Each structure stands twice: as structure tokens, then as C-alpha cells.
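Each remark here refers to the structure printed beneath this line.
Counting from 1, the numbers follow the sequence of the chain as shown. Since the structure is predicted, the reported quantities are computational estimates derived from the model, not experimental observations. Heavy-atom basis, side chains included; hydrogens, waters and symmetry copies ignored.
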Amino acid sequence: MLVQTRSRLSMLKDILDTTEMETERKIAIITTGENKERGKTMEFYGKSVSQLWNNLLTAYQTNRWDNNAYLRVDLVTEEEKITFELLQQQLKKIKRNNYIDFNLRFDGIRKRSFLKEELVGNAVIKPDNKHIVGKNHPNLHIDPQNYRGYVKRKYNREESDLSYLERSNVYLFKTKAYYIENDQIIPLEDYGNGNRVRTITEETLNEMTDLVIAKGSEYLKKQLMDTGQFIYGYYPCYDQPIKGYNSVRHFSSLYALVESAEYFSDEEMLLEAKAGLIWGIKQLTINEQGYFLIKDFLGKEVEYKLGAQATAILAIAKYIQVSKDDSFETYLKQLVRTISQKFITKDNQTIHVLDKDLAIKERFRIIYYDGEALFSLLRAYEILNEQAIFETCEILMEHFVTENYQKYHDHWLSYATNEMLKHKEKITYYRFGIKNALVNIDFIEQRDTAYPTMLELLVAASKMMKKLEKSEFKNELFKTPTDFLEVKERIDTVMKKRVSHEIKTGVMFPEFAVFFKKPATIDYGFFARHDRFRMRIDDAEHFLSGLINYRSHYKD
């Protein structure tokens with residue numbers, strides 16, 4: 001039993017007494033349960049608030065909700081009656097999967113009511129089978145199989161014939177929501193597109209960011225098994241594991257874990273990251289033709305990717321820097337030599353993918369690999385202090401500048417540019433970094449998905465602007481101090497907006513996790529809403545890296 005100084009019954013009464021419900025019939029929706037299981041959602045009705053309270057009181061005395069891990073309360077504040085045909089039209093208009101922004105109630109032969117969180121947490125509303133995430137319109141509809149499954153679980157009713165839905169009165173409704181956890185009432189805010197979580201204001205943003213970093217770091221650490229391999233990810237509606245594994249994401253996630261260990265001075269987390277490195281070196285590397293390679297698979301076919309080499313270097317270099325343990329230095333040197341000799345051509349072009357025989361398979365696969373390569377080599381240079389490594393970095397940087405790589409507005413290039421400027425300041429590097437941030441900044445500001453790499457890009461750009469403030473190049477790049485300040489403030493303003501937006505739209509707070517199959521597994525993890533709430537290790541990596549770098553930078 002939870003230890004509480006105040007019963008949930010009294011808190012529930014306070015919520016009921018202080019929330020205005022404009023609807024003719026008073027409706028309360030209670031979601032409660034244990035963290036190990038999906039919450040049970042129940043509706044309670046009354047002709048008046050007092051009658052509703054009596055019904056809630058009876059249910060409380062029967063079920064003793066104080067014994068449960070959590071209790072969420074939604075009180076219906078307003079509703080709109082529509083036709084079933086109009087409901088279908090509204091679903092078709094929604095531009096992304098799981099961006100459902102209304103609660104839904106059917107009232108007719110049968111009464112069925114669903115919070116928006118129930119609809120998405122149980123995949124009651126789905127895209128058509130032609131939908132490809134990020135490529136086309138989802139064409140959302142009520143999925144008959146999942147609807148029947150959830151009605152069976154919620155109402156204990158078998159429903160083979162769903163034609164009653166078309167003949168029912170259909171209501172879209174709004175609620176005022178609260179989450180009760182231990183002895184605290186947490187008001188929930190509706191941020192649109194289905195995102196309804198605890199209130200986050202400008203005044204509480206830093207505090208909330210710190211909470212998300214702390215809890216999110218623990219979440220990522222939990223994904224690392226005793227073997228040193230990660231649980232790759234979940235689709236949380238049904239606790240479905242994501243198949244496959246990816247070497248790039250293994251090492252980049254370890255990099256983020258080491259960043260977390262450094263941020264919290266957490267020796268235990270650092271040791272777990274070390275175990276991940278050991279597993280990665282044992283299981284994901286191979287010596288081939290005298291080169292030390294990170295192997296990956298495309299189907300059954302082995303391939304070697306520049307991005308995997310780079311993220312392995314990043315993770316190892318970061319671990320050495322934080323732990324002062326040089327036992328991985330030999331591997332670091334071998335990985336660097338392999339990039340220099342097998343992934344960069346004589347005319348200074350990068351090669352993205354080699355085949356099993358180390359022949360060129362793809363010169364270009366994804367822009368990330370180029371920025372990862374430069375950033376990783378610069379970090380290796382800091383550890384190994386070999387001039388040849390820095391010369392390679394200069395060659396890559398000059399190539400990216402000459403070829404106008406700022407057009408890709410990539411976060412790894414932003415990291416790399418800021419890192420390069422620590423060792424060598426050139427006006428062309430600053431100009432490149434500024435363009436890389438500004439060319440897409442309007443899109444970044446308006447982007448509705450969490451998209452955490454956008455924050456990573458802006459934090460690195462903000463750090464670069466801080467360097468530029470004291471640089472002799474500032475006056476060459478900007479006509480007046482005002483011009484400089486306008487650009488700096490533009491980057492910093494959008495950066496802070498992205499922090500707030502990410503937390504509101506991509507963090508699996510407990511008040512949302514309760515609607516998925518295994519809340520305790522996913523609490524404070526990070527998700528991509530429009531991709532079936534995908535929760536992969538690299539989602540956690542990008543969120544944590546961006547937020548940790550933001551807070552560290554902001555404190556500075």
C-alpha cells in the first residue's frame with residue numbers, strides 16, 4: 001500500500017469541487033491501476049455534481065483506489081454532437097498518425113467512451129495499409145479488430161457487429177485532466193495533437209528539463225542489459241519489441257549514456273557504459289584485411305558503414321575523456337586508422353558504405369555519416385593528439401564548406417563545426433555554422449513533431465555563437481553589434497522553444513504511459529508519436545544529448 005498523508009478520495013473531492021463542468025450531464029473518467037499493467041479506464045455519470053460524487057464515492061469504497069500506484073481524473077467540461085460521417089471526415093483530415101486531438105463518445109444502443117489517450121494507446125484508430133511514416137497521408141480510420149479488442153478488455157463485451165456506431169449519437173468532448181501520484185495533484189495541460197501532460201511553463205522549464213534528463217537517463221540505462229547489449233526498442237501499445245539491431249545506434253546510445261554519467265557524476269552508469277563498449281567490441285567488430293571495422297547487416301548481408309565507425313569512436317573517446325580509463329585507446333587508434341584509409345578517398349571524398357570485401361558499396365547513403373565522421377575524428381584527436389588526425393579533419397571540413405553542406409542543415413555538422421572551432425578558428429567555418437543553423441530555422445521553429453536532432457543542431461550553433469562573440473571574426477561577419485545579437489537571439493529563442501516542445505511532445509510521462517501495456521517499462525522514455533510511438537534507443541540518445549547539452553550550455 002502507498003504511504004499517503006492525504007487520501008485520494010479527498011483529493012478527488014477537491015478536483016470535483018473546483019472544476020467547472022458545463023455539460024448537462026456530469027461525467028468523470030477515472031484511469032487507475034498498477035505500473036506493471038495498462039490502466040483501467042472507467043466512466044461515471046450523474047445528473048448533478050452531487051450525484052456524480054455519490055457514484056464516485058461508491059466506486060471508491062468498492063475498489064479502494066488509494067491502493068493503486070496511480071489515479072488519473074478527467075472531468076468532461078464540454079462536448080459537441082456530430083454525425084458518424086463527420087467523424088470519419090475529421091479522421092481523414094488528420095495529417096499524422098496518432099495526432100488525434102479529441103475524446104470520443106458513442107451514445108445509442110450501447111454507450112462507449114474513449115479518451116484520446118485510450119484511442120492511441122490501444123491503436124483503436126489506425127492509418128491505412130498504404131501509409132508510410134513521413135511519406136504520405138495516414139487516412140485514419142477506426143480499426144475494427146482493435147476496437148473490438150479494446151471494448152472486450154474495457155467493457156467485457158464481445159462485439160461482432162459494429163454497425164451500431166453509425167447509428168449512435170457521436171460526441172467529441174473535452175476534459176480537464178489531473179494525475180494523482182502519491183500525495184500530489186498534477187494538473188494536465190492540453191498542448192494539441194494529442195499531447196496532454198503536466199503543465200510546463202517558462203518558469204518551470206529548467207526544473208522540468210532536469211527531471212526529464214534524470215529520469216530519461218535512468219530509462220536509457222535500464223535498456224542496457226547485463227550482457228552489455230541494449231534492448232533495441234518498443235512499440236509500446238502492445239509492448240512489442242522492435243526487431244533487429246544497429247551498430248550505429250548501439251554506440252551512439254552509449255555516447256549519450258556516458259554524457260549522462262558525466263552530467264550526474266554517476267560512476268555506476270559509467271561502468272554500465274563500459275560494459276556496453278566491451279560487448280560492442282566483442283560482438284560488432286571484425287578485423288578484415290588488416291582493418292578494424294564495425295560490422296552491420298542489411299538483411300543477411302554484412303556491410304561496413306562510416307557512421308558505425310564514427311559513433312564507435314565517439315563513444316570510446318567520450319568514455320576515455322570522462323573515466324580517464326585508457327584501456328580502449330588501442331581500439332580508438334585502429335578505428336581512426338580504418339576511417340582515414342578505407343572511408344576517405346585520395347581526392348578527400350567520404351565513402352559511406354563498404355561491402356563484405358571492403359569494396360565501395362555506396363558512396364553516399366545519409367548525410368549524418370559525414371558530420372559524424374568529422375565530429376568523431378575531432379574527439380579522437382583530443383584524446384590521441386596526433387597531428388595527422390587533425391589534418392584529416394581539416395580536409396573534411398574544407399570539403400564540407402566548399403560543397404555547401406550547410407544546405408543539409410544537419411545536427412552532426414553543427415556539432416562538428418563547433419568542435420572544429422575549438423582547435424582552429426576560420427571565418428569560413430563560422431559562416432558555414434551560421435548558415436547551417438539559419439537556413440532551416442523557420443521550419444525548425446514551426447515543426448510539430450518532437451524531432452530532437454533539431455535541438456542538438458541549435459545547441460551546437462548557440463555554443464558557436466558564444467565563441468564568435470569574443471572572436472576577431474565577429475565584426476567581419478556582422479556589420480553591426482545589433483546584427484550579431486539578432487542572429488544570436490534568434491538561435492537561442494528557437495533553441496529554448498524546441499526544449500519546451502520536445503518535452504511536451506516526446507516524453508513518456510507517467511500520466512500518458514498508463515494508457516500503454518507496460519507503463520513501468522516506458523515511464524520517462526522518449527517516443528516518436530507519428531511512428532506508432534516508437535521508442536528506440538536512438539530516440540533516447542538524441543533527446544538526452546540535446547537536453548544535457550542545452551542545460552550544460554545554459555548553466556555556463
Side-chain angles (χ1 to χ4, degrees), residues 247-248 251-252 255 258 277 280-281 284-295 304-354 358-360 363-364 367-403 405 410 412-430 432-433 460 464 467:
S247 298
V248 176
F251 287 108
S252 62
Y255 174 72
V258 177
L277 287 175
I281 288 167
L284 302 176
T285 65
I286 189 170
N287 280 290
E288 188 71 33
Q289 300 178 27
Y291 296 103
F292 189 59
L293 294 142
I294 307 296
K295 60 185 177 182
Y304 307 106
K305 298 184 294 197
L306 175 60
Q309 297 287 127
T311 55
I313 290 171
L314 271 178
I316 291 172
K318 187 66 179 176
Y319 173 78
I320 293 172
Q321 178 236 317
V322 175
S323 68
K324 312 305 178 188
D325 173 6
D326 61 1
S327 59
F328 293 98
E329 198 168 293
T330 300
Y331 299 119
L332 184 66
K333 289 179 179 178
Q334 290 176 321
L335 288 164
V336 169
R337 184 177 75 87
T338 299
I339 280 189
S340 300
Q341 295 182 10
K342 291 303 294 181
F343 288 92
I344 300 175
T345 65
K346 291 181 180 179
D347 59 348
N348 305 322
Q349 304 287 317
T350 55
I351 300 166
H352 282 197
V353 188
L354 303 176
L358 305 194
I360 296 173
R363 283 191 173 272
F364 182 90
I367 189 59
Y368 293 166
Y369 290 177
D370 287 323
E372 285 170 335
L374 177 54
F375 185 40
S376 68
L377 289 173
L378 285 163
R379 286 294 176 87
Y381 171 65
E382 287 188 349
I383 301 295
L384 302 175
N385 198 29
E386 295 177 5
Q387 188 59 30
I389 298 174
F390 188 69
E391 288 170 3
T392 301
C393 294
E394 283 188 288
I395 288 168
L396 288 176
M397 188 74 209
E398 292 295 338
H399 174 68
F400 299 154
V401 170
T402 302
E403 296 299 318
Y405 269 44
D410 171 52
W412 287 111
L413 288 172
S414 193
Y415 275 136
T417 304
N418 182 58
E419 196 74 16
M420 188 72 185
L421 287 162
K422 287 166 60 176
H423 303 286
K424 185 171 186 176
E425 287 193 89
K426 287 183 70 173
I427 193 167
T428 52
Y429 298 169
Y430 276 118
F432 175 86
M464 183 197 69
K467 286 189 185 78

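Taking E288 as the reference, nothing meets the salt bridge (charged side-chain N to carboxylate O under 4.0 Å, His left out) condition, with sequence neighbours excluded. Looking at residues two or more places apart in sequence or on another chain, you find a ring pair (Phe, Tyr, Trp, His ring centres under 6.0 Å) between Y331 and F292. When the salt bridge (charged side-chain N to carboxylate O under 4.0 Å, His left out) test is applied to E403, no partner is found at least two apart in sequence or on another chain. By the ring pair (Phe, Tyr, Trp, His ring centres under 6.0 Å) test, Y304 is found to be paired with no residue, residues two or more places apart in sequence or in another chain being considered. For Y369, the side-chain hydrogen bond (donor to acceptor under 3.5 Å, both in side chains) test picks out no residue, with sequence neighbours left out. Partners of N348 under the side-chain hydrogen bond (donor to acceptor under 3.5 Å, both in side chains) rule, at least two apart in sequence or in another chain, do not exist in this structure. With sequence neighbours excluded, the residues forming a side-chain hydrogen bond (donor to acceptor under 3.5 Å, both in side chains) with T350 are D370, listed by chain and number. Residues satisfying the side-chain contact (heavy atoms from CB on, under 4.5 Å) test with S252, not counting sequence neighbours, are R249, T311, E541. Every residue two or more places apart in sequence or in another chain that forms a side-chain hydrogen bond (donor to acceptor under 3.5 Å, both in side chains) with T345 is listed here: D347. Remark: K318 pairs with E262 by the salt bridge (charged side-chain N to carboxylate O under 4.0 Å, His left out) rule, at least two apart or across chains.
Under the 4.5 Å side-chain criterion, counting only non-hydrogen atoms from C-beta, V258 is not in contact with Q321.
Not one N or O on the side chain of D326 forms a donor-acceptor pair closer than 3.5 Å with the backbone of E329. Although no hydrogens or angles enter the test, the distance criterion places a donor-acceptor pair under 3.5 Å between the side chain of S247 and the main chain of K295.
Side chains of Y368 and D410: a donor-acceptor N/O pair is absent below 3.5 angstrom, by distance only. In this structure, a donor-acceptor pair under 3.5 Å is present between the side chains of Y255 and R379.
Contact detail for L306 and A373: the closest heavy-atom pair is CD1-CB, 3.9 Å. Minimum interatomic distance between I367 and F364 (heavy atoms only, all atoms of both residues): N-CZ, 3.5 Å.
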Could you give the side-chain donor-acceptor pairs of residues 380-390 under 3.5 Å, partners two or more places apart or in another chain?
from: E382; atom 1: OE2; to: K422; atom 2: NZ; distance (Å): 2.9
from: E382; atom 1: OE2; to: H423; atom 2: NE2; distance (Å): 3.4

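The stretch residues 388-398 participates, sequence neighbours left out, in these side chain to side chain donor-acceptor pair (under 3.5 Å) pairs: E394-K424, E398-K426, E398-Y429.
In this structure, the ring of F343 has its center no less than 6.0 angstrom from the ring center of H352. With ring centers used as reference points, F400 lies 6.0 Å or more from F432.
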